[in-house]
Structure formats: C-alpha cells, structure tokens
Amino acid sequence: MACSYSLRPLRSIPDLIPACIKILKDEWPQCKAELLPKLVKQELTTAPCSYGLVEHPDDARDKASLVGHFRFIPVINRERALYAEGLCVDRAQRGRGLGDKAIALREELLAEMAYAELHLCTSPHRKDYYLSRSFSICDEAPHTLGANLLHTSRALGTAPYFVSWHGNVLYPGWESEYEGGAIATQKEVADGYIGVYFVKKLSG
C-alpha cells in the first residue's frame, strides 16, 4: 500500500493521541505519556511541542494513522536551536524505515522554520548512526526548558534513575512530575550518565 507521511503537532490531531500514548508506553513503560492530553493544550506552536508522525494512505477510504512521535524542547543558551527527545516508532511498524523518515522530516521542518541547530541525546550504541547523518558530538549538554517531562530519557547502566539534569529547567507548572528521581549533576552529565549529546548545524 502506497503511503505519504507528515509531521503534525499532537494538539492538531487529538483523535490520534491515544495511539501516541500506546506507542510511548510500549517503548518506555514507565514514561508519563498519559500527560499528553492535558499537556498538548498548553504547548506552543514550535516548542515545547509534541509531534506525531502520521501515515496517510493514498487510498482516501483508509484513515490516517499515527506511527511515531517526538518532542521539540527550547534550548535557552543557544540562538535558533531546539532539542529533540522522545523519538520512537510504533513497534508493529518497525523495519520500514519510519525512524529515518521521522528524522528527515524533523530536520526539514526545522530548516523551514529557520532554526540553525538541532540538539539531541542518545545512547552510545547510536553514536555512529548520528555521526553518519552529519551530527557532531557536543562537549556540553545544551540548556533546555522542560526536557524529559514525559520521562522518555533514562539513565544508562547502573546509575540512579535521572528525571532531569544540570542545565535543564523543570517545565514551569509541572515540576511535581519530576519527583521520584535524581537530577544529574554537571559532572554526571559530562561522564555520560545521561547519554551522548549531539548537535547538527541546519543553516547559516
């Protein structure tokens, strides 16, 4: 079946939010995806903003479906920069290149909005993948506003469960959602307990 794909802010597709919650829970069972229905009502146009990867069948008789998710977060110590987190694809749809599709569409969207940098953090085993896509490893983590509110970032190895980290400002009004875990210090971030930080220059 031929299909096309688009990125849509979740607030614009409320009927697909339950599918997004399921995708996130399948990937991160302890995440707080159940916050999405309330959270998206307070999100801004660009960031913070949760997006769905939507599959549109060419046959108009078939309904569009949500097959992936990610979230944009403001970077507050860099100009024209955003941080992306929570990238995942429906487990039942994996092996079709949808992760690559979401990443490519994400970068196209940022370029259209005249952003200059895309930041992200991932596990060490994904390092070669992002280096092959013109990302560079950052010496320091970007300063973010409201990252990991949905608890889709987890500590590596045997470290404590980190709900936030040095340089991340807890999402205003939602601070209680970060309770129950540790906040990584600057040294723990530098030592890689959160993951490997990357940046990609998009323009300029």
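The structure presented is a predicted model; accordingly, all values stated were derived computationally and were not measured. FYI, side chains are in, hydrogens and waters are out, and symmetry mates aren't considered; it's all heavy atoms of this structure.
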Checklist line | Interatomic distance, L36 atom CG to H69 atom NE2 [nearest 0.5 angstrom] | finding: 5.5 Å

Next item on the list: Could you tell me whether the side chain of N148 and the main chain of V163 form a donor-acceptor pair under 3.5 Å?
Entry: yes

Next item on the list: Mark yes or no for whether R91, through its side chain, and D26, through its backbone, hold a donor-acceptor pair below 3.5 Å.
Entry: yes

Notebook entry, point to check: Do the ring planes of H143 and H166 sit parallel (below 30°), tilted (30 to 60°) or perpendicular (above 60°)?
Noted result: perpendicular

Item checked: Minimum heavy-atom distance between A147 and I73, given as atom pair plus value -> N-CG2, 3.9 Å

Next item on the list: Count the heavy atoms of every other residue, nucleotide or ligand shown that sit under 6.0 Å from NZ of K22, and state whether that count exceeds 12.
Entry: no

Next item on the list: List the atom of G68, the atom of I23, and the distance in Å for their closest heavy-atom pair.
Entry: N-CD1, 4.0 Å

Notebook entry, point to check: Would V89 and K101 count as a side-chain contact (heavy atoms from CB on, under 4.5 Å) if you check the C-alpha gap in whole Å, the side-chain angles of each, and the deciding distance to 0.1 Å?
Noted result: CA-CA 10 Å; V89 169; K101 173 66 71 174; over 6 Å; no

Check: Do L150 and L39 have side chains that get closer than 4.5 Å, going by heavy atoms?
Finding: yes

Margin query: Taking the side chain as everything from C-beta on, heavy atoms only, tell me whether P9 gets closer than 4.5 Å to E43.
Written below: no

Notebook entry, point to check: Charged N to carboxylate O under 4.0 angstrom, K201 versus E117?
Noted result: yes

Next item on the list: Nearest 0.5 Å please: distance from the OG1 atom of T144 over to the CG atom of L170.
Entry: 9.5 Å

Notebook entry, point to check: Do you know which two heavy atoms are closest between V40 and P37, and how far apart they sit?
Noted result: CG2-O, 3.6 Å

Check: Is a donor on one side and an acceptor on the other found under 3.5 Å between the side chain of K32 and the backbone of E177?
Finding: yes

Check: Should the heavy atoms of other residues, nucleotides or ligands under 6.0 Å from CD of E34 be counted, would the total exceed 12?
Finding: yes

Notebook entry, point to check: So, does K200 use its side chain to make a donor-acceptor pair with the main chain of R133 at under 3.5 Å?
Noted result: yes

Margin query: Between L7 and L53, does the side-chain contact (heavy atoms from CB on, under 4.5 Å) criterion hold? Intermediate values first, please.
Written below: CA-CA 5 Å; L7 295 179; L53 176 65; 3.9 Å; yes

Next item on the list: Return the minimal non-hydrogen interatomic distance between L110 and L202, and the atom names on each side.
Entry: CB-CD1, 3.6 Å

Margin query: Using the rule given for side chain to side chain donor-acceptor pair (under 3.5 Å), can you reason through T152 versus E85, listing the C-alpha separation, both sets of side-chain angles and the distance that settles it, and then say yes or no?
Written below: CA-CA 8 Å; T152 56; E85 65 177 9; 4.7 Å; no

Check: Should the ring pair F198 and F135 be called parallel, tilted or perpendicular, given that the plane angle runs from 0 to 90° and is split at 30 and 60?
Finding: perpendicular

Next item on the list: Please determine if R106 forms a cation-pi arrangement with F70, meaning its NZ or CZ atom is less than 6.0 Å from the six-membered ring centre and no more than 45° off the ring axis.
Entry: yes

Check: Is L105 reachable from F72 through a run of I, L, V, M, F, W or Y residues, each pair having side-chain heavy atoms under 4.5 Å apart?
Finding: yes

Next item on the list: Please check if Y178 and Y161 belong to a single hydrophobic cluster, counting links between Ile, Leu, Val, Met, Phe, Trp and Tyr side chain heavy atoms closer than 4.5 Å.
Entry: yes

Notebook entry, point to check: Would I103 and L98 show up in the same hydrophobic cluster when neighbours are defined by side-chain heavy atoms closer than 4.5 Å?
Noted result: yes

Next item on the list: Look at the side chain of D90 and the backbone N and O of R94, then say whether any donor-acceptor pair between them is shorter than 3.5 Å.
Entry: no

Checklist line | Nearest-0.5 Å distance, OH of residue Y51 to CZ of residue R11 | finding: 6.5 Å

Next item on the list: State the SG-OH distance between C121 and Y130, to the nearest 0.5 angstrom.
Entry: 10.0 Å

Check: To the nearest 0.5 Å, how far apart are CG in L10 and CG in L66?
Finding: 6.5 Å

Next item on the list: Could you grab the distance from atom CD of Q30 to atom NE2 of H151, nearest 0.5 Å is fine?
Entry: 11.0 Å

Check: Do the side chains of K38 and W174 get nearer than 4.5 Å, heavy atoms only?
Finding: yes

Note to self: If you count heavy atoms of other groups shown closer than 6.0 angstrom to CD of Q42, is the number above 12?
What the structure shows: yes

Notebook entry, point to check: Which atoms form the tightest heavy-atom contact between Y197 and P142, and what is the distance?
Noted result: CD2-CD, 3.6 Å

Margin query: Please determine whether residues L82 and V169 belong to a single hydrophobic cluster, defined as Ile, Leu, Val, Met, Phe, Trp and Tyr linked transitively by side-chain heavy-atom distances below 4.5 Å.
Written below: no

Margin query: Please check: side-chain N/O of E175 versus main-chain N/O of G173, any donor-acceptor pairing under 3.5 Å?
Written below: yes

Item checked: Heavy-atom check, side chain of C20 versus side chain of L24, under 4.5 Å -> yes

Check: Do R126 and Y129 meet the cation-pi criteria used here (NZ or CZ under 6.0 Å from the six-membered ring centre, within 45° of the axis)?
Finding: yes

Notebook entry, point to check: Of the non-hydrogen atoms in H56 and A64, which two are nearest, and what is the gap between them?
Noted result: ND1-CB, 3.8 Å

Item checked: Shared hydrophobic cluster, I76 / M113 (ILVMFWY, side-chain heavy atoms < 4.5 Å) -> no

